[in-house]
Amino acid sequence: MARHLAWVLSAALASGAPASASGLCGHDADVQQADQQRGGQPPPDRDGDHRPPGKDDHRPWKFWLGDSKAQLGITNQQSSEIEQIFQSTLPKLEAAKDRIDKLEATLSQTIKDNTADLGTVAQQVDRLEAARADLYKTRTLMLYRMRGLLSADQRARLQAAWEAGRAKGNDPGGRR
């Protein structure tokens with residue numbers, strides 16, 4: 001269940017999320033473990049996000065920054081406006097992810113206890129799925145607003161870069 005959520009969030013946020021939002025991808029433990037292996041040092045390029053993430057890289061791709069920005073022909077004004085959309089939406093995404101985590105924990109405990117009636121479990125599932133739907137809706141609207149700032153040519157270049165990354169095994173959606 002959590003893996004499915006991580007995939008969807010990774011795909012959704014592939015258009016951008018800073019390292020501080022790594023929890024949105026559901027990989028806090030992976031990030032913390034990698035940080036510990038580096039002696040607490042941040043990974044090289046953590047803030048660069050100028051390339052589509054690799055297979056084992058769960059950081060979203062901020063296409064409006066770095067090398068990608070130039071390759072896509074994104075102007076400084078567009079980059080700034082896209083970042084503002086991202087930053088204004090991020091708290092909503094984080095709150096939704098926190099809610100989902102709590103609902104998943106409650107459901108998991110209910111299932112583990114194996115004492116609740118079917119109706120109670122069904123209600124918990126309904127609440128969890130409604131929270132997921134809210135998260136996906138927020139993310140999709142954010143991405144739509146970002147795309148609206150791009151020209152048709154830039155959107156085509158973005159799609160081509162995304163597909164090229166997937167063809168090379170760098171799935172920006174984080175699927176394995």
Side-chain angles (χ1 to χ4, degrees), residues 1-36 42-43 46-47 49 52-65 81-150 155 158-159 162-163 165-166 169-176:
M1 199 178 311
R3 172 70 82 193
H4 174 72
L5 178 61
W7 288 350
V8 174
L9 286 173
S10 293
L13 294 173
S15 67
S20 64
S22 62
L24 291 175
C25 295
H27 300 288
D28 286 330
D30 295 342
V31 171
Q32 288 173 355
Q33 182 180 15
D35 285 347
Q36 288 173 353
R46 186 169 208 142
D47 293 322
D49 290 342
K55 286 168 92 173
D56 296 322
D57 188 353
H58 301 293
R59 289 178 296 141
W61 173 36
K62 290 180 100 175
F63 67 87
W64 61 93
L65 299 176
E81 290 177 15
I82 291 170
E83 181 68 17
Q84 209 249 329
I85 290 169
F86 175 74
Q87 291 300 327
S88 68
T89 308
L90 186 59
K92 295 174 193 166
L93 295 171
E94 289 173 332
K97 176 63 170 93
D98 288 345
R99 182 165 185 251
I100 289 168
D101 288 345
K102 289 174 186 171
L103 290 169
E104 282 181 334
T106 300
L107 178 61
S108 292
Q109 188 61 49
T110 301
I111 291 170
K112 182 179 177 184
D113 292 346
N114 201 35
T115 57
D117 62 276
L118 194 57
T120 299
V121 174
Q123 287 177 341
Q124 289 179 348
V125 170
D126 287 344
R127 280 188 287 245
L128 174 59
E129 294 306 322
R132 282 193 182 129
D134 184 54
L135 176 91
Y136 300 155
K137 177 181 176 182
T138 300
R139 181 208 65 225
T140 300
L141 293 174
M142 175 189 73
L143 294 173
Y144 186 74
R145 289 175 57 209
M146 290 175 171
R147 285 179 51 89
L149 296 174
L150 302 177
R155 288 191 301 269
L158 179 61
Q159 184 66 33
W162 181 275
E163 290 171 1
R166 290 190 72 172
N170 297 332
D171 186 352
R175 292 176 189 86
R176 297 176 194 216

Asker: Not counting sequence neighbours, which residues clear side-chain contact (heavy atoms from CB on, under 4.5 Å) with A116? List them please.
Answerer: T110, T120, V121
Asker: Applying side-chain contact (heavy atoms from CB on, under 4.5 Å), can you list everything that pairs with L149, at least two apart in sequence or on another chain?
Answerer: E81, I82, I85
Asker: So, using side chain to side chain donor-acceptor pair (under 3.5 Å) as the criterion, who are the partners of Q123 when residues are at least two apart?
Answerer: none
Asker: Hey, what do you get for CG (L103) to CZ (R132), rounding to the nearest 0.5 Å?
Answerer: 9.5 Å
Asker: Could you state the interatomic distance from CG (L143) to OH (Y136), rounded to the nearest 0.5 Å?
Answerer: 13.5 Å
Asker: Please round to the nearest 0.5 Å and tell me the distance separating atom CD of E94 and atom CG of D101.
Answerer: 11.5 Å
Asker: Quick one: side-chain contact (heavy atoms from CB on, under 4.5 Å) partners of R155, sequence neighbours excluded?
Answerer: R147, L150, A152
Asker: Could you list the residues that satisfy side-chain contact (heavy atoms from CB on, under 4.5 Å) with A96, not counting sequence neighbours?
Answerer: L135
Asker: Report yes if the side chains of E104 and I100 come closer than 4.5 Å at any heavy-atom pair, otherwise no.
Answerer: yes
Asker: One thing to verify: whether D98 and K102 come together as a salt bridge, which I'm taking to mean a side-chain N less than 4.0 angstrom from a carboxylate O.
Answerer: no
Asker: Only counting residues at least two apart or in another chain, list the ones meeting side chain to side chain donor-acceptor pair (under 3.5 Å) with D126.
Answerer: none
Asker: Are R166 and E163 close enough for a salt bridge, meaning some N to O gap below 4.0 Å?
Answerer: no
Asker: Is there side-chain contact between W162 and L158, with at least one heavy-atom pair below 4.5 Å?
Answerer: no
Asker: Once you round to the nearest 0.5 Å, how far does OG1 of T140 lie from CE of M142?
Answerer: 8.5 Å
Asker: Taking all non-hydrogen atoms of both residues, which atom of R145 and which atom of T89 are closest, and how far apart?
Answerer: NH1-OG1, 4.0 Å
Asker: Do any N or O atoms from the side chain of D113 and from the backbone of T115 form a donor-acceptor pair under 3.5 angstrom?
Answerer: no
Asker: I'd like to check T106 versus R127 (side-chain heavy atoms, cut-off strictly below 4.5 Å). Are they in contact?
Answerer: no
